[in-house]
**Q** 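First the structure, then my questions, so here it is.
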Amino acid sequence: MHSEMSQPTYVCFPRRHRRSQINLKILLEQELEREVAEAVTELLQVLCCGEESAVFAFSSLSRNRTLNAAASSCAATIAREEAFHDELLRGLRVVLPKPRPDFVLIRKLKEFYRSLNTPDVFVHLTQIFALDSAVCLILSAVREYGRPVGNNVTLNAIFSRIQRDEVGHVRASGQLTRELGPERIAADYFVRTRERLVGIIMERADALETLHVDPAALTRNLFHGGPRSLLRRC
């Protein structure tokens, strides 16, 4: 199942002054039902924007002078992993149907991710921690055994790789957050970031349902346990 090759290689944020070093050709080992393929490509719009934004965010953090050498090196490593995720999702978009035009959603995504860019490293890392841990939970739900993504070898492998890396990113950003500021303040930024993300994700509630994910149950999971326990969960 192939999409039109004329669609942009990015969803929200084009790469500037950098040519991709990776040329990935994704092959679906199993044919997807049309409605499942369309649901995946709709969800990818949200995920791709997050990965594109994360590449810039961690690249910027790796050069931030307020971080020590170890933290800067960690941020640079995460930036490279996020770039690889971006390439994986780009390759996947090539073989999936072209998503329906939704300029309102894309505008909301751009505004959301741009609003997270703050010179306050503590706030920035807390927001990143909230997003990355949410991605872990969303991918876990989508990949659950017996659901369309979990049953597809290629999709499950790609999302599994991204989820595994994101768990590491959550640990790293969570540790840095705890070192830079009080948990009470972090929890406030964490919950507000999650709330805004959920508002956007729920605009693709129909795609989640097609992938056998209950949007209401996913929302409850993303906020289960209160702010303090959320800071310790992925």
Side-chain angles (χ1 to χ4, degrees), residues 12-13 15-16 18 46-89 109-141 159-201 218 221-234:
C12 286
F13 304 105
R15 299 287 186 86
R16 295 182 178 87
R18 180 183 183 277
V46 179
L47 295 178
C48 285
C49 282
E51 296 296 344
E52 291 164 6
S53 174
V55 175
F56 291 116
F58 281 105
S59 294
S60 176
L61 283 168
S62 71
R63 299 186 298 271
N64 193 297
R65 295 181 180 180
T66 64
L67 297 179
N68 60 35
S72 295
S73 176
C74 178
T77 297
I78 293 176
R80 289 192 294 271
E81 291 178 348
E82 297 287 10
F84 181 62
H85 298 170
D86 183 24
E87 296 289 349
L88 280 174
L89 296 180
L109 284 164
K110 288 182 179 180
E111 290 174 350
F112 171 56
Y113 286 110
R114 283 171 176 160
S115 73
L116 303 179
N117 187 19
T118 169
D120 188 319
V121 176
F122 169 65
V123 173
H124 198 181
L125 281 168
T126 300
Q127 293 173 147
I128 287 173
F129 177 55
L131 292 175
D132 284 353
S133 54
V135 169
C136 289
L137 295 172
I138 292 166
L139 291 178
S140 179
F159 290 151
S160 174
R161 169 58 191 267
I162 293 174
Q163 184 181 354
R164 185 174 71 248
D165 288 346
E166 293 297 348
V167 169
H169 301 173
V170 168
R171 290 182 183 135
S173 58
Q175 178 61 37
L176 288 171
T177 297
R178 287 188 290 273
E179 293 173 359
L180 291 171
E183 185 177 283
R184 177 181 56 80
I185 297 176
D188 183 48
Y189 281 107
F190 184 100
V191 171
R192 280 190 282 170
T193 302
R194 279 272 180 99
E195 286 174 343
R196 293 179 64 195
L197 177 66
V198 167
I200 293 173
I201 287 287
L218 178 60
N221 194 28
L222 287 168
F223 291 103
H224 177 70
R228 295 202 172 191
S229 65
L230 282 169
L231 287 169
R232 302 184 180 90
R233 295 176 60 234
C234 176

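These values consider heavy atoms only, across backbone and side chains, with no hydrogens, waters or symmetry-generated copies.
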**Q** Give, for atom CD1 of Ile201 and atom CZ of Arg194, the distance between the pair rounded to the nearest 0.5 Å.
**A**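 With rounding to 0.5 Å, CD1 (Ile201) is 11.0 Å from CZ (Arg194).
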
**Q** Do Phe159 and Leu89 touch side chain to side chain, with heavy atoms closer than 4.5 Å?
**A**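 Yes - at least one pair of side-chain heavy atoms lies under 4.5 Å apart.
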
**Q** Do His85 and Asp165 pair up side chain to side chain, a donor and an acceptor below 3.5 Å, judged on atom types alone?
**A**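 The criterion, which ignores hydrogens and geometry beyond distance, is satisfied for Asp165 and His85.
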
**Q** Could you check whether the rings of Tyr189 and Phe122 sit parallel, tilted or perpendicular, using 30° and 60° as the cut-offs?
**A**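 The rings of Tyr189 and Phe122 stand perpendicular, inter-plane angle above 60°.
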
**Q** Hey, what do you get for CG (Leu139) to OG (Ser160), rounding to the nearest 0.5 Å?
**A**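 One gets 9.5 Å once the value is rounded to the nearest 0.5 Å.
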
**Q** Can a side-chain donor-acceptor contact be found between Arg196 and Ser115 if the only test is distance below 3.5 angstrom?
**A**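 Arg196 and Ser115 do have a side-chain donor-acceptor pair below 3.5 Å.
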
**Q** Count the heavy atoms of every other residue, nucleotide or ligand shown that sit under 6.0 Å from CZ of Arg171, and state whether that count exceeds 12.
**A**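 Open.
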
**Q** List the atom of Phe223, the atom of Val191, and the distance in Å for their closest heavy-atom pair.
**A**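 It is CE2-O, 4.0 Å.
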
**Q** Verify the distance criterion only: is there a donor paired with an acceptor across the side chains of Thr66 and Asn64 at less than 3.5 Å?
**A**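 Judged by distance alone, the side chains do pair up.
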
**Q** Kindly determine whether Glu166 and His169 satisfy side-chain hydrogen bond (donor to acceptor under 3.5 Å, both in side chains), including the steps that lead there.
**A** CA-CA 5 Å; Glu166 293 297 348; His169 301 173; 3.2 Å; yes

**Q** Check step by step if side chain to side chain contact (heavy atoms under 4.5 Å, CB included) holds for Asp188 and Arg184.
**A** CA-CA 7 Å; Asp188 183 48; Arg184 177 181 56 80; over 6 Å; no

**Q** Show the nearest heavy-atom pair for residues Ser62 and Ser59, with the distance to one decimal.
**A**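 In terms of heavy atoms, the two residues are closest at OG-O, 2.6 Å.
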
**Q** Does the side chain of Lys110 come within less than 4.5 Å of Cys49's, by heavy atoms?
**A**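 They are not in contact (no side-chain heavy atoms under 4.5 Å apart), so the answer is no.
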
**Q** For the CD atom of Glu82 and the CD1 atom of Ile128, what is their distance to the nearest 0.5 Å?
**A**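 Glu82 atom CD to Ile128 atom CD1 measures 8.5 Å (nearest 0.5 Å).
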
**Q** Are side-chain heavy atoms of Leu125 and Arg178 found at a separation under 4.5 Å?
**A**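 They are not in contact (no side-chain heavy atoms under 4.5 Å apart), so the answer is no.
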
**Q** Indicate yes or no: at least one non-hydrogen side-chain atom of Glu51 is less than 4.5 angstrom from one of Ile162.
**A**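 Side chain of Glu51 against side chain of Ile162, heavy atoms only: contact under 4.5 Å found.
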
**Q** Assess the side chains of Ser72 and Arg65: does a donor N or O sit below 3.5 Å from an acceptor N or O?
**A**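 Side-chain D/A pair, Ser72 to Arg65: absent.
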
**Q** How long is the straight-line distance from CG of Leu222 back to OG of Ser133, given to the nearest 0.5 Å?
**A**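 The CG atom of Leu222 is 8.5 Å from OG of Ser133, to the nearest 0.5 Å.
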
**Q** Identify the two heavy atoms, one from Ala75 and one from Phe58, that lie closest to each other, and give their separation to 0.1 Å.
**A**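 Distance-wise, the nearest heavy atoms are O-CB, 3.5 Å.
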
**Q** Report yes if the side chains of Val198 and Leu218 come closer than 4.5 Å at any heavy-atom pair, otherwise no.
**A**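 With C-beta onward as the side chain, the pair stays apart.
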
**Q** Ignoring hydrogens and angles, state whether a donor on the side chain of Arg80 or Thr77 is under 3.5 Å from an acceptor on the partner side chain.
**A**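 Looking only at side-chain atoms, Thr77 and Arg80 do form a donor-acceptor pair, the distance falling under 3.5 Å.
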
**Q** If you compare all heavy atoms of Ala172 against all heavy atoms of Cys74, which two are closest, and at what distance to 0.1 Å?
**A**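 Looking at all heavy atoms of both residues, the shortest contact is CB-SG, 3.6 Å.
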
**Q** Can you name the nearest heavy-atom pair linking Thr126 to Ala186, along with the distance?
**A**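 The pair with the smallest heavy-atom distance is CG2-O, 3.1 Å.
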
**Q** Just how far is it from atom CG of Leu109 to atom CG of Leu197, taken to the nearest 0.5 Å?
**A**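 It comes to 9.0 Å.
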
**Q** Taking the side chain as C-beta and beyond, is there a heavy-atom pair between Phe112 and Leu131 under 4.5 Å?
**A**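 Heavy-atom side-chain distance check passes, below 4.5 Å.
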
**Q** Indicate the atoms forming the closest heavy-atom contact of His124 with Leu116, along with that distance.
**A**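 Scanning both residues, the minimum pair turns out to be CD2-O, 3.4 Å.
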
**Q** Within the 4.5 Å heavy-atom criterion, are Leu176 and Glu179 side-chain neighbours or not?
**A**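 In contact.
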
**Q** How long is the gap from CD on Gln127 to OG1 on Thr193, to the nearest 0.5 Å?
**A**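 The distance works out to 4.0 Å.
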
